[in-house]
S.K.: 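What follows is a single structure, and I will ask about it in a moment.
Everything numeric here is computed off the predicted structure, so don't read it as measured data. Just so we're on the same page: letters track the sequence lines, and every chain starts at 1.
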Amino acid sequence: MEKTAITPRRSENYPEWYQQVIIAADMAENSPVRGCMVIKPWGYAIWEQIQGDLDRRFKATGHVNAYFPLLIPLSYLEKEASHVEGFAKECAVVTHHRLIDDGKGGLKPDGQLEEPLVIRPTSETIIGAMYAKWVKSYRDLPILINQWANVMRWEMRTRLFLRTSEFLWQEGHTAHATANEAIDETLLMLDVYSDFANEILALPVIKGEKPSFERFPGAVNTYCIEAMMQDCKAVQAGTSHFLGQNFSKAAEIQFTNQEGSIEYAWTTSWGVTTRLIGALIMTHSDDDGLVLPPRVAPQHIVIIPIYKNEEEKQKVMDCCNTLKKTLNNTYYHHQELRVQIDSRDIRGGEKTWQWVKKGVPIRLEIGPRDIENNSVFMARRDKSPKDKQSIGLQNFIEQATTILDEIQLELFNRAKLFMNSHTFEVSSLEEFNKFFTEDNNISGGFVTCYAADDSVIEDFIKPLKVTARCIPLEQADNASGVCIFTGKTVNKRMVFAKAY
RNA sequence: CGGGGCGUAGCGCAGUCUGGUUAGCGCACUUGAUUUGGGAUCAAGGGGUCGUGAGUUCGAAUCCCACCGCCCCGACCA
């Protein structure tokens, strides 16, 4: 077998492969603090691309950004009963505000707080408290605010990007005068996430509603987008919640309507996290490392100059700089092409492989020979590292954005095909059990079947380590069928899978 | 919190069972030479209070005790 840049391969040890891809691409590493990660420049640059695009989409749909504090009074969290229950077990708590000499050469906490503060696991409660102050009249609604922030959930088992104790995200929090308006908002943001995942991350997703027993603590309805990784496991890539009046009652967000009577507002919240980067890695990357869809790639094109001596270096660098300038003036989906010249003083082969592992969509090699022929040597990350071709310089300049779009589409199509070919319809509990217990190499994937929205089905699926992912919004047909777990007649199919 | 394992150079490890000069190896790093369009080779070099503390001993990375930290498996989870 040919040597690959990443060992082990996906087929040998998928979880270990995942960690190695992150190391090889220099995206992140574990920090001295358990469960927390240091996001390194290459990983953070991907997050910045995600932020940039989503932020434009949020603003285009009428949202504005604001910032709320990291610390939440403990009493706030107690206000919404199911919310407490959902998050209490994973909250980091601040109890002191000072350090003093412990007499043994170290420090110890001092100055106990009257009321402990919780490091936000999510911000519904504190934002709700502020909205209560801001909303008096129906004229104050809707409030459409998003914040980019970090949150902390004290997780037992963590994995870089996929699940860390502290993570970065955006959380949108909106308040509306009517239930329908809030529901429309919830579904609108689900669409924003789904479009973003498809178009930017090249991530095919299933839009659906969570069954009641998988709902966000305190929500009336939770919607999500679900994606399939290359090991056939599911990842929830984003969520949008219709919170009804639960949080507005807890926080007293009240307003006077047009008729002069007092009502509680209807609220929503929605978010995506740095987990998207984990999903991105697990969807597209291969045994040679990260593969980035061009639209989230921190660099679209990397140019590797090749020369032997000072004289050649001059000529080659001039050519590279000119090409970079030209490409920077080319627009790719309303942004200038991102081009990096790698002029580091290390060997060419090593350079090439580093960029392969970092997943840059297009690599160009330019040496004296190419300059003579007025051409460049091009390799695409969606093809084998060996697959390089010489292409006329002018030709490349004209086609660069088309090639990037081809790569973007190719990655999406591959992922879509993978998801479709690993999604199966079953019609009996026996089939269901067989699918998830037989040979694990094949048994992965999504299973759809008629299932009732009833927590008793957890008794059937938990022992299999399977979870109910969602009830897809788009159903194959309008038919009804018998729930394979309860025997009830239902009109919706549900998606099941092993999940991250 | 239950069960298992591990702390030795930046990273990965050997050495510990059976105590003994100056604690090793691979990768990485620095320098030099020869190379150079697919992950170079050779040579030289720098880098360690062996997790912490106390003990046994002429002598401890190695044995005893305590502590600290981390990893894996289980319940929780975007």
Side-chain angles (χ1 to χ4, degrees), chain A residues 2-7 15-16 19-20 23-24 29-35 85-91 104-106 120-122 149-159 161-171 193 210 214-217 219 222-227 234-241 269-279 288-289 304-309 312-313 316 345-357 363-373 375-379 384-390 462-463 465 467 469 499-500:
Chain A
E2 238 165 76
K3 189 189 168 191
T4 53
I6 304 295
T7 41
E16 182 57 25
Q19 306 279 6
Q20 292 305 323
I23 293 167
E29 61 189 61
N30 282 308
S31 74
V33 181
R34 203 197 101 88
E85 207 191 317
F87 286 109
K89 283 169 288 186
E90 48 190 51
C91 284
K104 290 179 277 185
R120 62 182 164 217
T122 178
N150 57 342
V151 291
M152 176 159 271
R153 299 181 187 175
W154 209 264
E155 299 289 352
M156 290 298 152
R157 235 170 106 33
T158 59
R159 286 234 271 163
F161 291 115
L162 273 184
R163 175 166 295 108
T164 45
S165 294
E166 181 192 15
F167 56 88
L168 305 184
W169 76 347
Q170 57 69 216
E171 47 180 328
Y193 287 152
K210 285 285 183 194
E214 292 282 351
R215 238 175 239 150
F216 174 74
T222 288
Y223 298 89
C224 62
I225 51 173
E226 293 287 329
V235 164
Q236 181 178 314
T239 50
S240 186
H241 313 292
S269 70
W270 27 275
V272 298
T273 78
T274 34
R275 165 180 266 198
L276 283 176
I277 298 174
D288 288 319
I304 300 171
I306 289 157
Y307 48 79
K308 284 183 192 154
N309 50 46
E312 281 184 2
K313 181 178 176 181
V316 170
D345 182 23
I346 56 172
R347 299 181 59 82
E350 195 178 345
K351 246 183 231 184
T352 301
W353 281 101
Q354 283 188 11
W355 292 112
V356 169
K357 288 185 281 192
R363 300 187 307 280
L364 295 180
E365 290 174 16
I366 298 180
R369 246 184 274 158
D370 305 292
I371 295 176
E372 223 168 90
N373 303 334
S375 66
V376 294
F377 233 74
M378 180 187 74
S384 154
K386 288 189 173 176
D387 194 345
K388 289 199 282 195
Q389 50 169 314
S390 187
K462 266 199 172 166
K465 298 194 173 181
T467 53
R469 302 316 300 164
Y500 280 101

S.K.: If you measure from the ring centre of Trp169(A) to the centre of the six-membered ring in the base of rA78(B), is it under 5.5 Å, with the planes under 30° apart?
M.R.: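 The base of rA78(B) is not stacked with Trp169(A) (the test needs centres under 5.5 Å and planes under 30°).
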S.K.: For Ser384(A), report the nucleic acid contact type (base, sugar-phosphate, nothing); a contact means any heavy atom under 4.0 Å.
M.R.: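 Result for Ser384(A) = nothing.
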S.K.: Respond yes when some side-chain nitrogen or oxygen of Arg347(A) is under 4.0 Å from OP1 or OP2 of rA40(B), and no when none is.
M.R.: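 Looking at the OP1 and OP2 atoms of rA40(B), one of them is under 4.0 Å from a side-chain N or O of Arg347(A).
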S.K.: When all nucleic acid strands are considered with a 4.0 Å heavy-atom cut-off, which category describes Ile304(A): base, sugar-phosphate, or nothing?
M.R.: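 Nothing, no heavy atom under 4.0 Å.
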S.K.: Once rounded to the nearest 0.5 Å, what's the spacing between atom CG of Asn150(A) and atom OG1 of Thr274(A)?
M.R.: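 Rounded to the nearest 0.5 Å, the CG-OG1 separation comes out at 10.0 Å.
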S.K.: Minimum heavy-atom separation for Arg120(A) to Ala149(A), with atom names?
M.R.: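 The answer is NH2-CB, 3.6 Å.
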S.K.: Report the base-pairing partner of rC63(B) (Watson-Crick or G-U wobble, both distances below 3.5 angstrom), or none.
M.R.: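 rC63(B) is paired with rG55(B).
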S.K.: Closest approach to the side chain of Lys462(A), judged atom by atom: which nucleotide of rC76(B), rA78(B), rG37(B) is it?
M.R.: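 Out of rC76(B), rA78(B), rG37(B), the nucleotide with an atom closest to Lys462(A)'s side chain is rC76(B).
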S.K.: Name the residue closer to the 5' end of RNA chain B, choosing between Ile366(A) and Glu214(A) according to the nucleotide with the nearest heavy atom.
M.R.: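 Nearest-nucleotide comparison on RNA chain B picks Ile366(A).
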S.K.: Counting the atoms with a prime plus P, OP1 and OP2 as sugar-phosphate, which does Lys351(A) contact under 4.0 Å by heavy atoms, base, sugar-phosphate, or nothing?
M.R.: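 Touches nothing.
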S.K.: So what does Phe167(A) touch, heavy atoms closer than 4.0 Å: a base, only the sugar-phosphate, or nothing?
M.R.: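 It contacts base atoms.
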S.K.: When all nucleic acid strands are considered with a 4.0 Å heavy-atom cut-off, which category describes Ala237(A): base, sugar-phosphate, or nothing?
M.R.: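 The residue Ala237(A) makes no contact with any strand.
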S.K.: How do Gly238(A) and Arg363(A) order along RNA chain B: which one's closest nucleotide is nearer the 5' end?
M.R.: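 Residue closer to the 5' terminus by nearest nucleotide: Arg363(A).
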S.K.: Under 4.0 Å between any heavy atoms, over every strand shown, what does Thr164(A) touch: base, sugar-phosphate, or nothing? Just pick one.
M.R.: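 Base, at least one base atom sits under 4.0 Å.
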S.K.: Mind checking whether Trp270(A) and Tyr193(A) have parallel, tilted or perpendicular rings, split at 30° and 60°?
M.R.: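 Taking Tyr193(A) first and then Trp270(A), their aromatic rings stand perpendicular (interplane angle over 60°).
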S.K.: Where the side chain of Glu90(A) is concerned, which of rG38(B), rC76(B), rA78(B) is the nearest nucleotide?
M.R.: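 For the Glu90(A) side chain, the nearest candidate turns out to be rC76(B).
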S.K.: Could you tell me whether Lys210(A) contacts a base, only the sugar-phosphate backbone, or nothing, with contacts defined as non-hydrogen atoms closer than 4.0 Å?
M.R.: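 The answer is nothing, as Lys210(A) stays clear of every strand by at least 4.0 Å.
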S.K.: According to a strict under-4.0 Å criterion, is Lys386(A) in side-chain N/O contact with OP1 or OP2 of rG37(B)?
M.R.: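 Looking at the OP1 and OP2 atoms of rG37(B), neither is under 4.0 Å from any side-chain N or O of Lys386(A).
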S.K.: Classify Tyr500(A) by what it touches in the nucleic acid, base, sugar-phosphate, or nothing, heavy-atom distance under 4.0 Å.
M.R.: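 Counting heavy atoms under 4.0 Å across all strands, no contact is made by Tyr500(A).
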S.K.: Which part of the nucleic acid does Gln236(A) contact within heavy-atom distance under 4.0 Å: base, sugar-phosphate only, or nothing?
M.R.: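 Result for Gln236(A) = sugar-phosphate.
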S.K.: For rA14(B) and rU52(B), measure between their C1' atoms and round to the nearest Å.
M.R.: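 Looking at atom C1' only, rA14(B) and rU52(B) are 23 Å apart.
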S.K.: Please tell me which of the listed nucleotides, rG38(B), rG74(B), rG37(B), lies nearest to the side chain of Lys465(A)?
M.R.: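 So the side chain of Lys465(A) is nearest to rG74(B).
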S.K.: Which part of the nucleic acid does Gly367(A) contact within heavy-atom distance under 4.0 Å: base, sugar-phosphate only, or nothing?
M.R.: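 Result for Gly367(A) = base.
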S.K.: Let's test this: given Watson-Crick or G-U wobble pairing with both distances under 3.5 Å, identify the partner of rC42(B).
M.R.: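 For rC42(B), the partner nucleotide comes out as rG32(B), under the 3.5 Å rule.
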S.K.: If we take the C1' atom in both rG39(B) and rC50(B), what is their distance in whole Å?
M.R.: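 So the two C1' atoms sit 34 Å from each other.
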S.K.: Would you indicate what Asp387(A) reaches in the nucleic acid, counting non-hydrogen atoms under 4.0 angstrom: base, sugar-phosphate, or nothing?
M.R.: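 If one applies the 4.0 Å heavy-atom cut-off, Asp387(A) turns out to touch a base.
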S.K.: Using a 4.0 Å heavy-atom cut-off, does Thr239(A) contact any base of the nucleic acid, only the sugar-phosphate backbone, or nothing at all?
M.R.: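 Nothing, no nucleic acid heavy atom in range.
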